[in-house]
Amino acid sequence: MGFRKAEEQLEIIRRGVIDIVREDELLDKLRRSRAENRPLRIKLGLDPTAPDIHIGNAIPIHKLAAFQKLGHTAILIIGDYTAMVGDPTGANKTRPMLSRERIMANAGTYLNQIGKILDTGKIELVYNSKWFEKMSFSEIINLAAKITVARMMERDDFTQRYSSGIPISLHELLYPLMQGYDSLMVKSDVELGGTDQLFNLLVGRDLQRDWGLEPQVALTTPLLEGTDGQKKMSKSLGNYIGITEEPAQMFGKAMSIRDDLMKKYFVLATDLDEKSVDELLHHDVHPREAKAELAKAIVARYWDTAAAERASEEFDKVFKEHKLPEDLPEILLPRNELKDGKIWIVKLLVSSGFTKTNGEARRLVAQGGVSINDEIFKDADAEVNIIPGMVVKVGKRRFARIGVGD
RNA sequence: GGGGAGAUUCCCGAGUGGCCAAAGGGGACAGACUGUAAAUCUGUUGGCGUAGCCUUCGGAGGUUCGAAUCCUCCUCUCCCCA
């Protein structure tokens, strides 16, 4: 099939990338690959530590897909062993060791979700338990001898934890070595990862060199701030947009990001080219309109343009025209909770799942956050007449239609 | 192995016998203003049909009319010495 010119490939590869260590080596690898008509081996390791992939950790996956489109071999490592340790990168405490069952369940959902991004028919898929499971203690010692404590402690995350007296367990120091060992085992030419992975990626280079292999090129992509606009997008912070979320939900979450993150989201979370992005972010386009385009582009990336269009219209209907959303969840109240066709408003909120406790429901009501058929209820002692089909709204964006069941 | 310090509510962190469901900050939620943006302002933030009651301060016992606070043991963490 033949590869494109190395320089052309590099230009595509460079898009939305922070570091390439080293770029001259990458160019050289690309040239040789073309001359020998041999695909490069591009590695991406994913630790199945959470059940969902979000648009933040999807960034390097998209980069892997770009390499794949250029004809290179995508190697996906499911870090079932590394997930047990938990990547200490950026963490301020030891991550909980995950159970084998949890990890394997997550790995399953990962693979399903990755199909939205990568051609999974063409990837080389490996679990790193393949080599770690049978590793002997002497091999571990041998591996651990390859790096010094001082080198490890150069890392800001470890240094900070150490100096502020937060425990660091020995097994956490093993993590970068494990990741590097993966590179050794799959003979990667390039490894992808977020910028916070640079250290781990460089360890891979060192190990390969030590073992007499050609070192991999480390390529890092930016980290994406979550919908809170503050911290890195992550499952545990709940500030993420999952790639399998419903279009409406995806759209809504995208609309809630800060204006100054739009550019970053456009580059990293959509397929839009630079020119259209610049046009949208031009000062005479209202930021809200630009953001709607962004939200559509994100939905379109994981669903399709029709779904994106529908989500956009639906959003406008609810938040611009203040009409009811189309697919209101329907909640049935058990008949025995009604008295003379009435229910205590607090009970209503708890039974319909809006709040977990009575206290929380009381607060919401007292603060004017609850309305029924557009009428605000502020009295937490109120008894509400249940009319099947009535619409309860809690806060700005949670709705449900109420019915009665048995 | 020896010595010292510590574990408080979602997080950080005050509190060293009753005035403590526990200051302050962060986060979160709700309201106002908006564009489901930011900033700002206000309120709420253990449970309970709530002027009251119940359960919380690493765990288990104990002292006391009364314990987050004092004592004993245990678990875990950090620091110093070796």
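These figures come from a predicted structure and were not determined experimentally. Numbers restart at 1 for each chain; the letters A, B, ... are given by sequence-line order, proteins then strands.
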Quiz item: Within 45° of the ring axis of Phe158(A) and under 6.0 Å from its six-membered ring centre, is that where the NZ or CZ of Arg161(A) lies?
Solution: no
Between the protein and nucleotides 4-9 of chain B, which nitrogen or oxygen pairs come in under 3.5 angstrom?
none

Which donor-acceptor pairs under 3.5 Å do side chains of residues 360-377 of chain A form with protein atoms, sequence neighbours excluded?
from      : atom 1 : to        : atom 2 : distance (Å)
Glu360(A) : OE1    : Lys356(A) : N      : 3.3
Asn373(A) : OD1    : Val391(A) : N      : 2.9

Quiz item: If you check every side-chain atom of Gln367(A), which of G31(B), G35(B), A30(B) has the closest atom?
Solution: A30(B)
Practice problem: For nucleotides G15(B) and G62(B), find the distance between their P atoms and express it as a whole number of Å. | Solution: 29 Å
Practice problem: Rounded to whole angstrom, note down the C1' distance from C10(B) over to U45(B). | Solution: 10 Å
Quiz item: Taking atom C1' in both U34(B) and C41(B), what distance in whole Å separates the two?
Solution: 14 Å
Quiz item: In whole Å, what is the span from the CG atom of Asp228(A) to the P atom of C10(B)?
Solution: 20 Å
Self-check item: Residues which pass ring pair (Phe, Tyr, Trp, His ring centres under 6.0 Å) with Tyr302(A), listed by chain and number, not counting sequence neighbours
Solution: His62(A)
Self-check item: Under 3.5 Å on both distances, the Watson-Crick or G-U partner of A68(B)
Solution: none
Quiz item: Who does U77(B) pair with, Watson-Crick or G-U, both distances under 3.5 Å?
Solution: A5(B)
Quiz item: So, Ser136(A) versus Glu139(A): side-chain donor-acceptor pair below 3.5 Å or not?
Solution: yes
Quiz prompt | Ring geometry between Phe67(A) and His72(A) (parallel below 30°, tilted from 30 to 60°, perpendicular above 60°) | solution = perpendicular
Practice problem: Send over the distance from Lys93(A) NZ to C11(B) C1', rounded to a whole Å. | Solution: 8 Å
Quiz item: With rounding to whole Å, what would you report as the distance between C57(B) and G17(B) at their C1' atoms?
Solution: 15 Å
Quiz prompt | Lys/Arg-Asp/Glu bridge criterion (N-O < 4.0 Å) met for Asp196(A), Lys232(A) | solution = yes
Exercise. Using both distances under 3.5 Å as the test, list the Watson-Crick or G-U wobble partner of A30(B), or none.
Key: U42(B)
Quiz item: Under 6.0 Å between the ring centres of Phe132(A) and Tyr181(A)?
Solution: yes
Quiz item: When we call it a touch if two heavy atoms are under 4.0 Å apart, what does Glu383(A) touch: a base, just sugar-phosphate, or nothing?
Solution: base
Quiz item: Is Lys291(A) close enough and on-axis enough to Phe266(A), meaning under 6.0 Å and within 45°, for cation-pi?
Solution: no
Quiz item: For atom P, what is the distance between G1(B) and U8(B), given to the nearest Å?
Solution: 26 Å
Quiz item: More 5' along RNA chain B: Ile166(A) or Val370(A), using each one's nearest nucleotide?
Solution: Val370(A)
Quiz item: Reckon Arg363(A) touches a base, only the sugar-phosphate, or nothing at all at heavy-atom distances under 4.0 Å?
Solution: sugar-phosphate
Quiz prompt | Electrostatic pair Lys264(A)-Glu225(A), nearest N-O below 4.0 angstrom | solution = yes
Quiz item: Between Glu293(A) (CD) and G35(B) (P), how many Å, whole number?
Solution: 18 Å
Quiz prompt | Euclidean distance for P, G43(B) against G24(B) (whole angstrom) | solution = 12 Å
Self-check item: 5'-most by nearest nucleotide on RNA chain B - Arg258(A) or Ser164(A)
Solution: Arg258(A)
Quiz item: Under 4.0 angstrom, heavy atoms only, what part of the nucleic acid is Asp260(A) near: base, sugar-phosphate, or nothing?
Solution: nothing
Practice problem: Specify the separation, in whole Å, of atom CH2 of Trp344(A) and atom C1' of C48(B). | Solution: 9 Å
Self-check item: Counter-base of C53(B), judged by Watson-Crick or G-U geometry with both distances under 3.5 Å
Solution: G47(B)
Quiz item: Which whole number of Å gives the distance between the C1' atom of C76(B) and that of U40(B)?
Solution: 44 Å
Quiz item: Over how many whole Å does the gap from Leu364(A) atom CG to U44(B) atom P extend?
Solution: 14 Å
Exercise. Assess Lys339(A) against Trp344(A): is NZ or CZ under 6.0 Å from the centre of the six-membered ring, and within 45 degrees of the ring's axis?
Key: no
Quiz prompt | Partner nucleotide of U16(B) by Watson-Crick or wobble geometry (both distances under 3.5 Å) | solution = none
Quiz prompt | Distance, P atom - from A7(B) to A68(B), rounded to whole angstrom | solution = 15 Å
Practice problem: Ignoring the backbone of Lys396(A), work out which of G35(B), C33(B), A30(B) is nearest its side chain. | Solution: C33(B)
Practice problem: Nearest whole angstrom, please: distance from the C1' of U77(B) to the CG of Leu170(A). | Solution: 16 Å
Exercise. Mind calculating the distance between CD1 (Ile257(A)) and P (A39(B)) to the nearest angstrom?
Key: 14 Å
Self-check item: Under 3.5 Å on both distances, the Watson-Crick or G-U partner of A23(B)
Solution: none
Quiz item: Hey, does Gly252(A) reach any base, or is it just sugar-phosphate, or nothing, if we go heavy atoms under 4.0 Å?
Solution: base
Quiz item: For the side chain of Tyr162(A), counting heavy atoms from C-beta on, which of G35(B), C79(B), A28(B) is nearest?
Solution: C79(B)
Quiz item: Base, sugar-phosphate, or nothing for Pro167(A), non-hydrogen atoms under 4.0 angstrom?
Solution: sugar-phosphate
Practice problem: Report the distance from atom CZ of Arg362(A) to atom C1' of G46(B), rounded to the nearest whole Å. | Solution: 15 Å
Quiz item: How would you label the contact of Lys347(A) with the nucleic acid (heavy atoms, under 4.0 Å): base, sugar-phosphate, or nothing?
Solution: nothing
Practice problem: Using only side-chain N and O atoms of Thr357(A), determine if any of them is under 4.0 Å from OP1 or OP2 of G47(B). | Solution: yes
Quiz item: Using a cut-off of 4.0 Å on non-hydrogen atoms, how would the nucleic acid contact of Leu261(A) be classed: base, sugar-phosphate, or nothing?
Solution: nothing
